[in-house]
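In what follows, a structure is listed as structure tokens, so that the remarks can point back to it.
Lettering of chains follows the sequences in order, A, B, ..., and the numbering in each one begins at 1.
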There are 2 protein chains.
Amino acid sequence: MGIPLRQLEAFHAVCRAGNVTKAAQSLGISQPAVSRLLATFSGSVGFELFKKEGGRMVPTPESAFLLREVERLLENLDNIGRLSIDLADRRAGHLRIACLPGFATSHLPQVLAGFLEDRPRVRVTLEPDRPERILEWIIDEHYDCGISDELSTHPMVESRLVGMRTVCILPLGHRLAARSEIRPEDLIDERMVHTRRDSAFFLQLNEAFATRGLNLDSRLETRQFTAACMLVAAGAGVSVVSEMDAREYEGRGLVLRPFVPQIPHRLVLLLPSGARSSMVALDFLEVFEASLEPFRIR
Amino acid sequence: MGIPLRQLEAFHAVCRAGNVTKAAQSLGISQPAVSRLLATFSGSVGFELFKKEGGRMVPTPESAFLLREVERLLENLDNIGRLSIDLADRRAGHLRIACLPGFATSHLPQVLAGFLEDRPRVRVTLEPDRPERILEWIIDEHYDCGISDELSTHPMVESRLVGMRTVCILPLGHRLAARSEIRPEDLIDERMVHTRRDSAFFLQLNEAFATRGLNLDSRLETRQFTAACMLVAAGAGVSVVSEMDAREYEGRGLVLRPFVPQIPHRLVLLLPSGARSSMVALDFLEVFEASLEPFRIR
DNA sequence: CGTCAGTATAACAAAATGTTATTGTTTTCA
DNA sequence: TGAAAACAATAACATTTTGTTATACTGACG
């Protein structure tokens with residue numbers, strides 16, 4: 001059978017203290033208790049643990065050799081104690097996030113940094129990818145939560161929809177910057193930067209033009225709002241993007257104006273369904289959702 | 001207080017087995033015992049340890065995180081168990097040997113290799129140096145045993161004297177090789193290779209010449225018998241050295257002949273006094289002493 | 001030599017860990 | 001669906017480990 005832990009603790013304490021009495025004090029138990037633990041331990045290992053040397057208990061070469069291992073063990077145990085407290089407080093664990101590429105660079109880093117500030121033992125894996133892959137990853141439970149823009153109907157995934165406000169962005173000094181708000185008809189002569197033609201957001205935007213009998217001049221297509229921001233700032237055209245992303249790039253050559261009608265960008269937060277999530281993941285998603293509040297519709 | 005080890009063992013066993021009953025079997029105890037350990041553990045850490053998933057106990061993300069640490073701990077404990085057995089069997093430990101430089105290359109390696117063969121967990125540090133330093137090191141307990149050629153009177157050091165047979169060595173084809181034994185008078189016209197002028201062995205050798213009214217022709221002085229062997233083999237002269245070293249170099253251009261009178265080379269084995277030695281060190285010294293037997297006087 | 005600090009031993013109390021018996025739960029499968 | 005089977009939880013109690021206090025032993029030291 002294994003060696004009783006208490007014996008190792010006693011052995012360690014005596015090595016450190018140099019005598020049984022002080023060791024007992026440091027363990028918060030009585031001296032005879034330590035004496036006996038030691039005697040039992042010595043009996044079971046089969047060699048002398050200590051030599052008495054001028055009133056001090058000095059480890060024999062053998063037990064000195066053992067001591068190093070025992071110290072490692074006790075440190076390890078200590079670590080487990082603290083870790084389990086952190087886990088209970090949701091201050092430790094592994095948080096695996098799959099997100100749209102745009103988030104990996106623009107809004108998420110701030111939120112994540114804040115989240116980790118008082119959770120020093122949380123380890124994070126951040127994986128940016130396309131929505132279909134994000135969904136797969138959540139289903140396979142390779143990731144704990146996903147930030148995407150496509151709703152899922154998969155039974156193993158719980159998705160939470162968040163409607164995000166969008167704005168029209170213009171390069172600095174653009175003629176339309178004089179307007180207090182922008183409408184589809186203002187943009188008919190503009191080169192538009194927009195998301196993929198098959199994206200839900202583009203379809204809605206296009207619809208806004210179509211119902212007014214207007215044609216959206218599609219020139220530049222990109223997956224990410226962040227890329228659209230950079231393109232507009234560089235003078236490549238104008239765009240309608242999530243206000244959150246626009247704010248991130250404000251001051252770098254962008255002008256923001258309300259777009260009417262308001263077209264929501266549907267963000268989707270994904271979780272494995274059925275309470276299989278880690279507590280840290282749940283906490284994180286809560287924090288993340290709160291961070292979206294200023295840019296949310298209603 | 002620390003987490004009781006048994007709870008960690010139970011937790012680990014259930015994670016591996018996937019259900020409490022098998023875990024109990026693997027621990028060799030009853031199922032209710034494991035159930036309770038688990039319940040207590042869960043209560044004290046403050047979070048759920050398992051989710052039941054189709055008849056299997058699956059760790060929650062939190063406890064999966066803990067599990068890795070627990071596994072390390074248990075491995076560590078296992079290791080301590082085996083280590084203490086090895087230490088008791090004198091099959092583990094650290095053996096620090098300080099020796100004369102000659103031994104580091106000529107006789108010791110063989111002996112050491114044999115010694116370590118069935119003591120795979122013994123770690124060795126071998127430090128060749130001059131006799132004075134060897135003594136210091138033993139006194140300071142930086143080394144467990146010393147192989148030297150100077151007796152010590154230091155109270156903290158126990159020294160054991162071993163008289164070693166010496167022989168005269170000649171280069172192959174030397175005129176004296178015809179003799180069955182060599183005497184001082186045979187060597188008066190020879191260039192002598194010998195140990196340091198202030199070494200005990202040289203003084204004895206010189207004495208053998210002096211009492212016969214002869215003069216030892218000192219040409220080549222070296223600390224080591226092994227070096228003397230190489231020099232003689234190379235035709236640099238003749239010498240009187242420990243038979244043990246001579247045998248080591250026999251067949252490499254050396255001829256051995258008895259030297260009369262027999263002058264013992266006094267080897268000295270050193271140990272820290274007062275039973276402060278590790279058991280491995282004592283074992284080693286015993287083995288080493290035995291290895292000297294064939295070359296010992298009487 | 002007696003004192004003192006420290007260690008070991010004895011006798012017993014409390015806590016942890018084990019047991020068997022039994023009762024709830026799920027899962028599985030006819 | 002519902003009964004059998006498999007498994008987990010609980011209860012009541014035995015055993016072992018770990019703790020306690022009281023006291024005897026031991027070696028270092030003035």
Side-chain angles (χ1 to χ4, degrees), chain A residues 1-45 47-60 63 70 73-74 77 80-81 274-276, chain B residues 1-45 47-60 63 70 73-74 77 80-81 155-156 274-276:
Chain A
M1 243 282 189
I3 301 168
L5 182 64
R6 211 73 233 268
Q7 294 176 13
L8 298 181
E9 288 176 330
F11 167 63
H12 175 243
V14 173
C15 284
R16 293 184 60 81
N19 76 53
V20 177
T21 307
K22 281 181 205 141
Q25 280 167 12
S26 80
L27 289 171
I29 60 179
S30 67
Q31 169 265 315
V34 176
S35 264
R36 194 177 46 196
L37 284 169
L38 227 54
T40 312
F41 184 41
S42 178
S44 72
V45 296
F47 53 85
E48 286 302 313
L49 295 176
F50 298 98
K51 290 265 168 222
K52 274 164 228 174
E53 207 163 272
R56 257 187 87 80
M57 306 278 280
V58 177
T60 59
S63 67
V70 172
L73 181 89
L74 295 179
L77 187 67
I80 288 179
R276 288 170 306 147
Chain B
M1 242 282 191
I3 301 167
L5 182 63
R6 212 72 233 266
Q7 294 177 13
L8 298 180
E9 288 175 330
F11 167 62
H12 175 244
V14 173
C15 284
R16 292 185 61 80
N19 75 54
V20 176
T21 307
K22 281 181 206 141
Q25 280 167 12
S26 81
L27 290 171
I29 60 178
S30 66
Q31 169 263 316
V34 176
S35 266
R36 193 176 44 195
L37 284 169
L38 228 54
T40 314
F41 185 41
S42 178
S44 72
V45 295
F47 53 85
E48 287 301 314
L49 295 176
F50 297 98
K51 290 261 169 227
K52 274 163 228 175
E53 209 163 272
R56 259 187 86 79
M57 306 278 280
V58 177
T60 59
S63 68
V70 172
L73 181 90
L74 295 179
L77 187 66
I80 288 178
M156 296 309 275
R276 287 170 305 147

Calculate the interatomic distance between [X] atom [atom1] and [N] atom [atom2]; express it in whole Å.
| X | N | atom1 | atom2 | answer |
| --- | --- | --- | --- | --- |
| A:Leu8 | D:dT17 | CG | C1' | 15 Å |
| B:Lys51 | C:dT27 | NZ | P | 14 Å |
| B:Phe50 | C:dT25 | CZ | P | 21 Å |
| B:Ile29 | D:dT15 | CD1 | C1' | 14 Å |
| B:Arg56 | C:dT28 | CZ | P | 12 Å |
| A:Leu49 | C:dT7 | CG | C1' | 15 Å |

Over all atoms of both residues, closest heavy-atom pair of A:Ala17 and A:Lys22: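 So the minimum-distance heavy-atom pair works out to CB-CB, 3.8 Å.
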Between A:Met57 and A:Asn19, which heavy-atom pair has the shortest distance, and what is it?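 Shortest heavy-atom contact: CG-CA, 3.9 Å.
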A:Thr21: side-chain hydrogen bond (donor to acceptor under 3.5 Å, both in side chains) partners, not counting sequence neighbours: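 Result, side-chain hydrogen bond (donor to acceptor under 3.5 Å, both in side chains) vs A:Thr21: none returned.
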Quick one: side-chain hydrogen bond (donor to acceptor under 3.5 Å, both in side chains) partners of A:Gln7, sequence neighbours excluded?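 A:Gln7 satisfies side-chain hydrogen bond (donor to acceptor under 3.5 Å, both in side chains) with no residue once adjacent residues are dropped.
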D:dA8, OP1 or OP2 - any side-chain N/O from B:Ser35 closer than 4.0 Å?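 Looking at the OP1 and OP2 atoms of D:dA8, neither is under 4.0 Å from any side-chain N or O of B:Ser35.
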Drop me the distance from B:Leu73's CG to A:Ile80's CD1, to the nearest 0.5 angstrom.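 Here the rounded value is 4.5 Å.
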Counting only heavy atoms and a strict 4.0 angstrom limit, can you tell me which residues of residues 15-25 of chain A come near DNA chain D?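 When residues 15-25 of chain A is checked for heavy atoms under 4.0 Å from DNA chain D, there are no hits whatsoever.
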Pairwise N/O distances under 3.5 Å, protein to nucleotides 23-29 of chain D:
none

Using heavy atoms and a sub-4.0 Å distance, could you list which residues of residues 36-44 of chain B are near DNA chain C? By number, please.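 Here the set is B:Arg36, B:Leu37.
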Stepwise, does the side chain to side chain contact (heavy atoms under 4.5 Å, CB included) test hold for B:Leu8 with A:Leu77? CA-CA 10 Å; B:Leu8 298 180; A:Leu77 187 67; 3.7 Å; yes
By ring pair (Phe, Tyr, Trp, His ring centres under 6.0 Å), which residues pair with B:Phe50, not counting sequence neighbours?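 Result, ring pair (Phe, Tyr, Trp, His ring centres under 6.0 Å) vs B:Phe50: B:Phe11.
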List the residues meeting side chain to side chain contact (heavy atoms under 4.5 Å, CB included) with B:Arg56, not counting sequence neighbours, and say none if there are none.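 With sequence neighbours excluded, B:Arg56 shows a side chain to side chain contact (heavy atoms under 4.5 Å, CB included) to B:Val58, given in chain and number order.
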Using residues 23-41 of chain B as the side-chain source, report each donor-acceptor pair under 3.5 Å to any protein atom, sequence neighbours left out, with the distance given to one decimal.
residue : atom : partner : partner atom : Å
B:Ser26 : OG   : B:Ala23 : O            : 2.8
B:Gln31 : NE2  : B:Ser35 : OG           : 3.2
B:Thr40 : OG1  : B:Arg36 : O            : 2.7

